Amino acid sequence: MKKNMGNADRLIRIIVAAVFIVIYFNNILPSPWGLVLLILGIVFALTSLVGFCPLYTLFGISTCPRKKTA
């Protein structure tokens, strides 16, 4: 797995994941929607920790900065 997420993307995903998880545990949304947000929050957190997003691969997206070649 080659990293395809930059630091800014990873930070945004962690923040969104935290918000989704807080929404779920504070019962702000009804149960089915809260559960969907919890699952999305977990997926966002895992992908940002690993630095790899499978959907980015499908669409050919990479937010990881390119390394300079000599």
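Please read these numbers as outputs of a predicted model, since none were measured by experiment. Just the heavy atoms: all of them, side chains too, but no hydrogens, waters or symmetry mates, feed the values below.
- A chain of hydrophobic side-chain contacts below 4.5 Å, direct or via other Ile, Leu, Val, Met, Phe, Trp or Tyr residues, connects Leu40 to Ile12.
- The side-chain contact (heavy atoms from CB on, under 4.5 Å) check on Pro54 picks up Thr47, Phe52, with sequence neighbours excluded.
- Note on Ile42: it does not cluster hydrophobically with Val36, by side-chain heavy-atom contacts below 4.5 Å among ILVMFWY residues.
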For residues 18-33, which side-chain N or O atoms pair as donor and acceptor with protein atoms under 3.5 Å away, sequence neighbours left out?
residue : atom : partner : partner atom : Å
Asn26   : ND2  : Val22   : O            : 3.3

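- When the side chain to side chain donor-acceptor pair (under 3.5 Å) test is applied to Ser62, no partner is found at least two apart in sequence or on another chain.
- When atom types are taken as modelled, the side chain of Asn4 and the backbone of Cys53 share a donor-acceptor pair closer than 3.5 angstrom.
- Cluster annotation: Val50 is not connected to Leu55 through the hydrophobic network of ILVMFWY side chains, with a link wherever side-chain heavy atoms come within less than 4.5 Å.
- The hydrophobic cluster around Ile15 extends to Leu11, counting ILVMFWY residues whose side-chain heavy atoms fall within less than 4.5 Å of a member.
- For Ala17, the side-chain contact (heavy atoms from CB on, under 4.5 Å) partners two or more places apart in sequence, or in a different chain, are Phe44, Ala45.
- Once rounded to the nearest 0.5 Å, the distance linking OG1 of Thr57 with NZ of Lys2 reads 10.5 Å.
- Judged as a side chain to side chain donor-acceptor pair (under 3.5 Å), and not counting sequence neighbours, Ser48 has no contacts.
- Listed by first and then second residue, the salt bridge (Lys or Arg N to Asp or Glu O under 4.0 Å) pairs involving residues 19-28 amount to none (not counting sequence neighbours).
- Residue pairs meeting the side chain to side chain donor-acceptor pair (under 3.5 Å) criterion with at least one member in residues 35-45: none, sequence neighbours excluded.
- Listed by first and then second residue, the salt bridge (Lys or Arg N to Asp or Glu O under 4.0 Å) pairs involving residues 11-40 are Asp9-Arg13 (not counting sequence neighbours).
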